[in-house]
Amino acid sequence: MVGIVIVSHSQKIAEGVVDLCKQMAATVPMAAAGGLEDGSIGTDFQKIYQAVEAVQSDDGVAVLFDLGSAIMSAETAIELLEDSGIDIRIADAPLIEGAIVAAVEASVGED
């Protein structure tokens with residue numbers, strides 16, 4: 001099953017999106033990578049890296065993000081994971097709606 005990582009500048013937003021998705025697709029491996037280590041607003045490539053590792057599977061990982069600069073942190077994390085063999089895709093979709101659709105699709109075995 002595809003794992004999903006939610007990247008947001010806010011830890012609360014990332015966790016909230018995961019909570020919403022779990023209501024529709026409880027079995028999908030999901031991780032929130034929001035905010036900085038100290039809880040402030042921002043994105044941290046290390047949190048994204050760890051989230052990808054936590055939800056990775058043979059089916060790959062989809063990464064969704066809130067704002068444009070979050071994609072830079074996600075791309076940095078993905079570059080560091082290049083040799084891992086994990087198929088990681090960044091989804092260019094609205095965060096909440098895209099995450100819910102991704103979770104539901106993953107829950108029924110879609111790639």
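One-based numbering along the sequence shown.
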**Reported CD-to-CG distance for the pair Glu82 and Leu80, which is rounded to 0.5 angstrom** = 8.5 Å
**Complete:** CD1 (Ile41) and NZ (Lys12) are apart, to the nearest 0.5 Å, by 8.5 Å
**Prompt:** When you measure from the side chain of Ser40 to the backbone N and O of Leu36, does any donor-acceptor pair fall under 3.5 Å?
**Reply:** no
**Request:** Without swapping roles, check the side chain of Lys22 against the backbone of Val28 for a donor-acceptor pair under 3.5 Å.
**Result:** yes
**Request:** Could you state whether Ile48 and Val55 fall into the same hydrophobic cluster, counting links through intermediate Ile, Leu, Val, Met, Phe, Trp or Tyr residues with side-chain heavy atoms under 4.5 angstrom apart?
**Result:** yes
**Prompt:** What's the verdict on side chain to side chain contact (heavy atoms under 4.5 Å, CB included) for Leu64 and Ile4, showing C-alpha distance, side-chain angles and the deciding distance?
**Reply:** CA-CA 8 Å; Leu64 290 97; Ile4 299 172; 3.8 Å; yes
**Asked** With distance as the sole test, does Lys47 use its side chain to make a donor-acceptor pair with the main-chain N or O of Gly34 at under 3.5 Å?
**Response** yes
**Item:** In one Ile/Leu/Val/Met/Phe/Trp/Tyr side-chain cluster, 4.5 Å: Val5, Ile96
**Value:** no
**Message:** Between Val2 and Glu110, is there a side-chain heavy-atom distance shorter than 4.5 Å?
**Reply:** no
**Prompt:** Looking only at heavy atoms, what is the nearest atom pair of Ala14 and Ala33, with distance?
**Reply:** CB-N, 4.1 Å
**Request:** Provide the closest heavy-atom pair for Val7 versus Ala70 in the form atom of the first, atom of the second, distance.
**Result:** CG1-CB, 3.8 Å
**Item:** Separation of Asp19 CG from Met30 CE (nearest 0.5 Å)
**Value:** 9.5 Å
**Item:** Atom pair CZ/CD1 of Phe65 and Ile71 - distance to nearest 0.5 Å
**Value:** 4.0 Å
**Message:** Show every side chain to side chain donor-acceptor pair (under 3.5 Å) that has at least one partner inside residues 66-75, sequence neighbours left out.
**Reply:** Ser8-Asp66, His9-Asp66, His9-Ser69, Thr43-Ser73
**Complete:** One should read off an interatomic distance between Ile100 CD1 and Leu95 CG, to the nearest 0.5 angstrom, of 9.5 Å
**Item:** Interatomic spacing from CZ in Phe45 to CD in Glu79 - rounded to 0.5 Å
**Value:** 10.5 Å
**Request:** Could you pull out the closest heavy-atom pair between Met1 and Thr27, with the gap in Å?
**Result:** SD-O, 3.6 Å
**Asked** How far apart are the closest heavy atoms of Val61 and Gln56, and which atoms are they?
**Response** CG2-CA, 3.5 Å
**Item:** In one Ile/Leu/Val/Met/Phe/Trp/Tyr side-chain cluster, 4.5 Å: Ile90, Tyr49
**Value:** yes
**Prompt:** Between the side chains of Glu15 and Gln11, does any donor sit under 3.5 Å from an acceptor?
**Reply:** yes
